[in-house]
Amino acid sequence: MDGALPGDDSWTVAGRRFHSRLIVGTGRYKDLEETGAAIAASGAEIVTVAVRRVNLSDPKAPMLQDYVDPKKYTYLPNTAGCHTANEAVRTLRLAREAGGWNLVKLEVLGPPPTLYPDMPGTFEAAEALIKDGFEVMVYTADDPVACKRLEEMGCVAVMPLGAPIGSGLGLQNAAMIWTIREQTKVPFLVDAGVGTASDAAIAMELGCDAVLLNSAIAHAKDPIKMARAMKLAIEAGRLAYLAGRMPRRLGADPSSPLTGLIR
Amino acid sequence: MQTAVTLTLNGEIRAYDGPISVAGLLSVLGLETRKVAVERNEEIVPRSHYAETWLETGDALEIVHFIGGG
């Protein structure tokens, strides 16, 4: 392929095919205009969106759909802010009614300051949603036993965190992410923790099918530049994964021939 | 004959002239049905039922839409 990504290097989740391996959030931007521009620069085809009460005192306020076209991008409704299974299930039923989509991102969160995935709540909600016909991409702890169980329950993608939501700490658990990657047969993503482009590349080098991030772009000084950086990092990481990295060694191994040296 | 219908709407108590359906309420609120979803007493109201879903005093409604989120 001469260094180019193979043309058919797409991935499929719940029967839908995508070429971009970057999923971006639509939150925390300065305004909707910046949201739209950053998402365009990221090349993402899937965007996560939140479901919230309409502001009844301002029904004509600009809406996300006016800046991020749901016909062009696949909306992935999330359950951000939900701390119980019941809240998460209600939220996604509303999302399905509002948008007609059954592909969703489930997250049931524990309390601050970690907002770590609440796994009992996650299992309960995943079970109810799958029974109700949803296709569930699930945010989870980086726990291989929990991830396996979610996959066996029928979740369509397993998405452990690399570090706490919004922390930008980068992958704190590369070995565990790799371990879970190895055991997972459905699409596998790192969701949360990416802080800058190299973090996204590392996730892809470990073999993730895609990466989901939001703050790393939205909170960069120049979100549109960072969106472009993420796009390139995802492609670079993916290409490096496909290329197969050289083995690590503890000692040096010279790159130039040792024969023919002048004496 | 008009009677007031008192609802809990997105957590706020509000009164409307009745009888009023979900479709009527959305119209009074100035909301496009295409961009929102409605839950009544923790049950989804399908869009196709808005016109025939009549609201009663004491109903709790949630009207939501999509916003930016990660």
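These numbers were taken from a predicted model, which means no experiment stands behind them. Below, chain A is the first sequence line, B the second, and so on; all start at residue 1.
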Does any heavy atom of chain B fall under 4.5 Å from the side chain of [X], the backbone, both, or neither of them?
{"X": "A:Ala95", "result": "both"}
{"X": "A:Asp58", "result": "neither"}
{"X": "A:Arg93", "result": "both"}
{"X": "A:Tyr67", "result": "neither"}
{"X": "A:Asn86", "result": "side chain"}

Chain B interface, residue from A:Ala98, A:Gly25, A:Ala80 that has the most non-hydrogen pairs under 4.5 Å
A:Ala98

So with a 6.0 Å cut-off around CD of A:Glu127, is the heavy-atom count from everything else above 12?
no

Should we count CZ of B:Arg47 as having more than 12 external heavy atoms under 6.0 Å?
yes

Minimum heavy-atom distance [X]-[Y], with the two atoms named:
{"X": "B:Ala37", "Y": "A:Leu94", "value": "CB-O, 3.2 Å"}
{"X": "A:Leu64", "Y": "B:Gly68", "value": "CD2-N, 3.9 Å"}
{"X": "A:Arg90", "Y": "B:Glu42", "value": "NH1-OE2, 3.4 Å"}
{"X": "B:Val36", "Y": "A:Val54", "value": "CG1-CG2, 3.8 Å"}

Residue from B:Arg14, B:Glu32, B:Glu43 scoring the most non-hydrogen pairs under 4.5 Å with chain A is B:Arg14

In terms of heavy-atom pairs under 4.5 Å, which option from B:Val38, B:Thr33, B:Ile44, B:Val45 contacts chain A the most?
B:Ile44

In terms of relative ring orientation, are B:Phe66 and A:Trp101 parallel, tilted or perpendicular, with 30° and 60° separating the classes?
tilted

Mind checking the [atom1]-[atom2] spacing from [X] to [Y]? Nearest 0.5 Å is all I need.
{"X": "B:His65", "Y": "A:Asn55", "atom1": "NE2", "atom2": "CG", "value": "7.5 Å"}
{"X": "B:Leu61", "Y": "A:Arg53", "atom1": "CG", "atom2": "CZ", "value": "11.0 Å"}
{"X": "B:Glu39", "Y": "A:Glu97", "atom1": "CD", "atom2": "CD", "value": "11.0 Å"}

Within the structure provided, determine whether B:Leu31 and A:Leu56 are in side-chain contact (heavy-atom separation under 4.5 Å).
yes

